[in-house]
Amino acid sequence: MKLDRIMVALDGSVLAEAALWNALDLAEKNGATLSLLRAAEVHALPGTDKVEAQVTAIREAEEYLAAVVKRLADRGFRRVETHVWYGPAAAAIGEAPTAQKGGLVVMWAHGRSG
C-alpha cells in the first residue's frame, strides 16, 4: 500500500514530537506528504475576551507548526502541510483524517502538555 499523506498530531511537547521522526521516515520512503495537525482550544476566564484568547491560541499553534516545518526543511524535507483546528484535540484527531481524505495517522500516546 502506497501512502500519499501521513498526518502527525502534535501538541508542542517533546514527547509528541517523537512520533514526527517516525512519520518523516515513512514519508521519505513512500514519497508522502506530512500533514501536521495541532488542535487549539482555550477556556477563557470570566471577564476576559474569549475571542482574543482564541485568536492568540490559533496564532501560537500556527507559529509552532511553522517552526516544525522549518526544522523539517532544514533536514531537506519539504512535502509538508499544516493544519490548526480550533477545539478539543481528540475531536480534531478524529475528524481531520476524514476531512483530509485519508492517510495514516501517526501520534504519540500522550504528550502531557496540558
Side-chain angles (χ1 to χ4, degrees):
M1 176 178 94
K2 181 165 174 20
L3 296 170
D4 293 327
R5 174 175 284 119
I6 300 170
M7 189 187 88
V8 184
L10 298 170
D11 66 3
S13 70
V14 173
L15 192 56
E17 283 189 19
L20 178 63
W21 308 113
N22 291 327
L24 176 61
D25 185 47
L26 285 170
E28 289 176 331
K29 289 178 181 174
N30 288 279
T33 297
L34 282 181
S35 178
L36 307 180
L37 173 69
R38 174 88 186 251
E41 183 180 30
V42 295
H43 302 283
L45 297 172
T48 61
D49 185 347
K50 185 176 181 179
V51 172
E52 182 60 33
Q54 291 171 338
V55 169
T56 299
I58 291 169
R59 185 178 306 121
E60 288 171 356
E62 290 170 340
E63 289 170 358
Y64 164 72
L65 290 178
V68 174
V69 169
K70 182 179 180 330
R71 283 189 282 149
L72 291 169
D74 289 347
R75 292 180 64 144
F77 190 82
R78 302 201 189 303
R79 290 182 313 276
V80 184
E81 58 190 33
T82 62
H83 306 276
V84 175
W85 287 48
Y86 187 80
I93 293 166
E95 295 171 13
T98 301
Q100 295 176 16
K101 306 221 183 324
L104 176 70
V105 177
V106 177
M107 59 186 280
W108 201 254
H110 198 292
R112 307 235 186 260
S113 67

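What you are looking at is a predicted structure, and each value in this text was computed from that prediction instead of being measured.
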### Minimum-distance pair of heavy atoms, taken over all atoms of A16 and D11
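Nearest pair, atom of A16 first, then D11: CB-OD1, 3.2 Å.
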
#### Entry: Shortest non-hydrogen contact between A32 and R79, atoms and distance
O-NE, 3.1 Å

According to a hydrophobic-cluster definition based on side-chain heavy atoms being under 4.5 Å apart (Ile, Leu, Val, Met, Phe, Trp, Tyr only), do [X] and [Y] belong together?
X: L20; Y: V105; value: no
X: Y64; Y: F77; value: yes
X: V69; Y: I58; value: yes
X: L72; Y: L104; value: yes
X: L10; Y: W85; value: no

### Approximate separation, where rounding is to 0.5 Å, of L65 CG and T82 OG1
5.5 Å

### Task
Quick one: pull up CG in L45 and NZ in K50 and give me the separation to the nearest 0.5 Å.
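Here the interatomic distance stands at 12.0 Å.
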
### Query
What residues, two or more places apart in sequence or in another chain, satisfy side chain to side chain donor-acceptor pair (under 3.5 Å) together with R71?
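Testing R71 for side chain to side chain donor-acceptor pair (under 3.5 Å), a comparison that skips the adjacent residues, returns E17.
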
### Task
Applying side chain to side chain donor-acceptor pair (under 3.5 Å), name anything that partners D74, two or more places apart in sequence or on another chain.
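For D74 the side chain to side chain donor-acceptor pair (under 3.5 Å) partners, ignoring immediate neighbours, are K70.
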
### Message
If you define the side chain from C-beta out and look only at heavy atoms, does anything of V68 sit under 4.5 Å from R38?
### Response
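A side-chain contact under 4.5 Å is absent here.
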
### Task
Check side-chain contact (heavy atoms from CB on, under 4.5 Å) between E81 and all other residues, then give those that pass, not counting sequence neighbours.
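E81: side-chain contact (heavy atoms from CB on, under 4.5 Å) contacts with R5, T33, S35, H83, Q100.
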
### Query
side-chain contact (heavy atoms from CB on, under 4.5 Å) with A23: which residues, sequence neighbours excluded?
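Expected list: I6, V8, L34, V106.
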
For residues 86-94, which side-chain N or O atoms pair as donor and acceptor with protein atoms under 3.5 Å away, sequence neighbours left out?
from, atom 1, to, atom 2, distance (Å)
Y86, OH, V42, N, 3.2
Y86, OH, Q54, NE2, 3.4

### Residue pairs involving residues 87-96 (criterion salt bridge (charged side-chain N to carboxylate O under 4.0 Å, His left out); sequence neighbours excluded)
none

